[in-house]
Amino acid sequence: MVLLFTFIFLFDSLAWADLHTHTFVLESTNVTRLCNTYNIITVNGQLPGPTLHVRNGDTLHVTVYNRAKHNATIHWHGVRQIRTGWADGPGYIRQCPIQPGEEFTYTFTIIGQEVTLWWHAHVSWLRATVHGAMVILPKDGSSYPFTQPYAEIPIVLGEWWNSDPVEVEEEAKLSGGLPNVSDAFTINGQPGDLYNCLSSGTDFSFDSGKTYLLRIVNAADNNHLFLKIASHNLTVVAVDASYTKPYRTDILILSSGQTTDVLLIANQAQAKYYMAAKEYTTIPEGNFDNTTTTVILSYVGSNASATPICPELPIYNDTATVTTFTRSLRSLASEEHPVNVPQSISDSSIITVGLGLRPCEIGGNCSGPNNTRLAASMNNVSFVLPDIAILQAYYFGINGIFTTDFPSNPPVVYNYTGDVPKTLWAPISGRKVKVIDYNATVQVVFQGTNIFQADDHPMHIHGYDFYIVGDGFGNYDNEKDPGSFNLVDPPQRNTVRVPVNGWAAIRFKADNPGAWFVHCHFDDHVTWGLDTVFIVKNGPGALESLIPPPPDLPKC
Ligand SMILES: *[C@@H]1O[C@H](CO)[C@@H](O)[C@H](O)[C@H]1NC(C)=O
Ligand SMILES: *[C@@H]1O[C@H](CO)[C@@H](O)[C@H](O)[C@H]1NC(C)=O
Ligand SMILES: *[C@@H]1O[C@H](CO)[C@@H](O)[C@H](O)[C@H]1NC(C)=O
Ligand SMILES: *[C@@H]1O[C@H](CO)[C@@H](O)[C@H](O)[C@H]1NC(C)=O
Ligand SMILES: *[C@@H]1O[C@H](CO)[C@@H](O)[C@H](O)[C@H]1NC(C)=O
Ligand SMILES: *[C@@H]1O[C@H](CO)[C@@H](O)[C@H](O)[C@H]1NC(C)=O
Ligand SMILES: *[C@@H]1O[C@H](CO)[C@@H](O)[C@H](O)[C@H]1NC(C)=O
Ligand SMILES: *[C@@H]1O[C@H](CO)[C@@H](O)[C@H](O)[C@H]1NC(C)=O
Ligand SMILES: *[C@@H]1O[C@H](CO)[C@@H](O)[C@H](O)[C@H]1NC(C)=O
Ligand SMILES: *[C@@H]1O[C@H](CO)[C@@H](O)[C@H](O)[C@H]1NC(C)=O
Ligand SMILES: *[C@@H]1O[C@H](CO)[C@@H](O)[C@H](O)[C@H]1NC(C)=O
Ligand SMILES: *[C@@H]1O[C@H](CO)[C@@H](O)[C@H](O)[C@H]1NC(C)=O
Ligand SMILES: [Cu+2]
């Protein structure tokens, strides 16, 4: 079976696509940021890690050697992994981690996805330093549905801690309190000029009159980021590897996990301009990183000693700007790139997403508010990772690892976005998963809650792109709100920002069997349990089931 599959696979790829073989070495690396040297984990000594260049239809073999001190896995963020879920990466969901000294080869094919995705570590907070961009060109012989750019520039946004991010997480887990906030944001690994330390970042050089494609990735662990370039408008042409109708704007917002591709025309005076990014959040001041990262765009011929022009970024909690941006995005919906939104739904659920507080164990020291432990949940279930992978338990029929009773509706109906009584604040712990029939047409409404602290949660579903058919503030109304859904050209993404004290509705067809991680893309919220798993059953057809696991799959 494995051999047969591999054979067909190779035959196919020889016929129309390339095979890319890469080696990722995870290792401790000394890097200097903010004028100090820190020992962090990188891939091949680089921060951000290597950019992968592929075409739609190509196959990748990436062998990961773990020469670092932490357990590791790599996730190919947004890659649909049709039938190849074993290569998806999240630790204890799809695979046991690659332990120090071990190796594993990820094999997968890019099917029907173009423009920009990315990759990152998917255990603990290793992602903070282990990530990189994935550039996906159209198939040979086809082209972008927009002006062919003169040049393309990957732009990876991230955070920087003056510490090992895995230790930041461990510290917060032990204490039950808020983790340390980052010390800086970064663009392509560098904080830029607005910190107490001169940056060694490289300027981007622009030729007057030319059009550039900026492939922007928000790789930050715990943040949504605003991004702006002084004096320039940008035209959004794709998000999360799905084409959009061109949308002209002077500001971008990217939630953790999201990618956005924009065209920039270098049509301004020959000068230097800052690209700048800072956090969007509604949590109280003092509890987040209030800094701004920059990089310089220099026009060829500009005065080398001139001061760059600064853009004016919105205030950190400017939800109105975020809402305008998000609601302006539409799928391209062209003949070549059609929209297939499920029009009728066979599997519908409403899932609350939010934080919580648990009482401290007797004799414990808990540094959450009033001696509590921070928690997070979906439909009041705070997910606890198993010590073997859910997919392995499912595939091999190992009992007792998970239960299939994830609730399809909030177990208690209350005013989710009002003043929530404290008796509702502590979630239960569990490993409840949702089972979905093959080919089901699925609708999920994510409803944000106001428990302890309302937030915009970026919800990510592995193995799928979904349509965001509607969103709103307050409580979702199942009678009224579906009337305003966009079922014609809604944006398609793999990560949706659920508005603070609001909701977002998504639809997709369950055409990819496997056990798929569903979670907030903020790593601190994942640590607290804002996650679950959607198990999509195999279909009856030969090409409708998960392939068998690779023989070198790591063991726990
Ligand atoms: C990192 O720096 C430390 C302290 O200077 C040094 O002992 C260590 O060998 C360096 N590690 C690497 C991988 O260069
Ligand atoms: C978190 O911040 C505190 C206070 O600044 C510091 O003492 C501690 O070392 C930090 N923890 C880590 C893991 O960096
Ligand atoms: C950017 O777009 C706005 C609105 O369309 C327009 O007013 C402004 O002049 C444009 N700026 C540049 C630099 O093109
Ligand atoms: C956050 O940064 C802005 C400037 O970007 C500044 O005006 C504001 O005072 C800062 N707030 C805090 C709490 O440091
Ligand atoms: C370049 O900028 C510097 C600093 O603003 C200025 O002193 C100098 O005259 C400028 N040179 C040219 C050729 O404009
Ligand atoms: C946004 O933050 C500012 C400054 O902290 C505050 O005055 C304002 O009330 C906040 N706006 C909202 C909508 O919370
Ligand atoms: C809690 O803190 C107190 C005072 O700092 C200390 O004596 C005690 O050992 C701690 N308990 C635990 C379980 O860490
Ligand atoms: C902490 O306790 C104080 C005093 O009882 C209360 O006013 C406050 O709301 C509590 N905070 C939280 C987050 O529970
Ligand atoms: C829920 O609470 C909000 C905020 O207090 C309030 O505006 C709204 O009317 C409440 N909704 C219901 C249905 O009670
Ligand atoms: C969650 O479940 C716990 C335990 O049954 C209960 O105390 C709490 O009120 C529930 N909260 C919600 C929002 O359902
Ligand atoms: C699933 O849907 C596809 C495309 O609509 C269809 O070709 C296939 O027959 C369906 N399979 C099942 C088992 O319903
Ligand atoms: C690494 O993974 C193995 C297998 O799941 C586990 O036994 C071990 O405790 C993990 N190590 C750390 C440091 O988490
Ligand atoms: Cu979250």
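All values reported here derive from a predicted model rather than from experimental measurement. Position 1 is the first residue of the sequence; numbering continues from there. Just so you know, ligand 1 is whichever comes first in the structure, and atom 1 is the first atom listed for that ligand.
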Charged N-O contact under 4.0 Å between R33 and D183: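 Judged by the 4.0 Å cut-off on N to carboxylate O distance, R33 and D183 do not form a salt bridge.
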
- Message: With heavy-atom distances below 4.0 Å as the criterion, list the atoms of ligand 8 near P369.
- Response: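 That gives atoms 13 (C) of ligand 8.
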
Fill in: Under 3.5 Å side-chain donor-acceptor pair for S255 and R493
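Looking only at side-chain atoms, R493 and S255 do not form any donor-acceptor pair under 3.5 Å.
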
Can you spot which of T282, V498, I283 makes a side-chain contact (heavy atoms from CB on, under 4.5 Å) with D456?
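Option passing the side-chain contact (heavy atoms from CB on, under 4.5 Å) with D456: T282.
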
Pair H462 + H519: ring centers closer than 6.0 Å: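 Close enough - the centres of the two rings lie under 6.0 Å apart.
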
Check: Hey, do the aromatic rings of Y273 and H232 have their centres closer than 6.0 Å?
Finding: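 Under 6.0 Å, so yes.
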
Pairs of nitrogen or oxygen atoms, one from ligand 10 and one from the protein, closer than 3.5 Å: please tabulate them with distances.
{"unit_1": "ligand 10", "atom_1": "2 (O)", "unit_2": "N380", "atom_2": "ND2", "d": "2.3"}
{"unit_1": "ligand 10", "atom_1": "9 (O)", "unit_2": "T423", "atom_2": "O", "d": "2.9"}
{"unit_1": "ligand 10", "atom_1": "11 (N)", "unit_2": "N380", "atom_2": "OD1", "d": "3.2"}
{"unit_1": "ligand 10", "atom_1": "11 (N)", "unit_2": "N380", "atom_2": "ND2", "d": "3.1"}
{"unit_1": "ligand 10", "atom_1": "11 (N)", "unit_2": "L424", "atom_2": "O", "d": "3.2"}
{"unit_1": "ligand 10", "atom_1": "14 (O)", "unit_2": "N380", "atom_2": "ND2", "d": "3.2"}

_Under the criterion side-chain contact (heavy atoms from CB on, under 4.5 Å), I'd like the reasoning laid out for K432 against M378: C-alpha separation, chi angles, the key distance, then a yes or no._
CA-CA 10 Å; K432 296 177 188 290; M378 297 176 68; over 6 Å; no

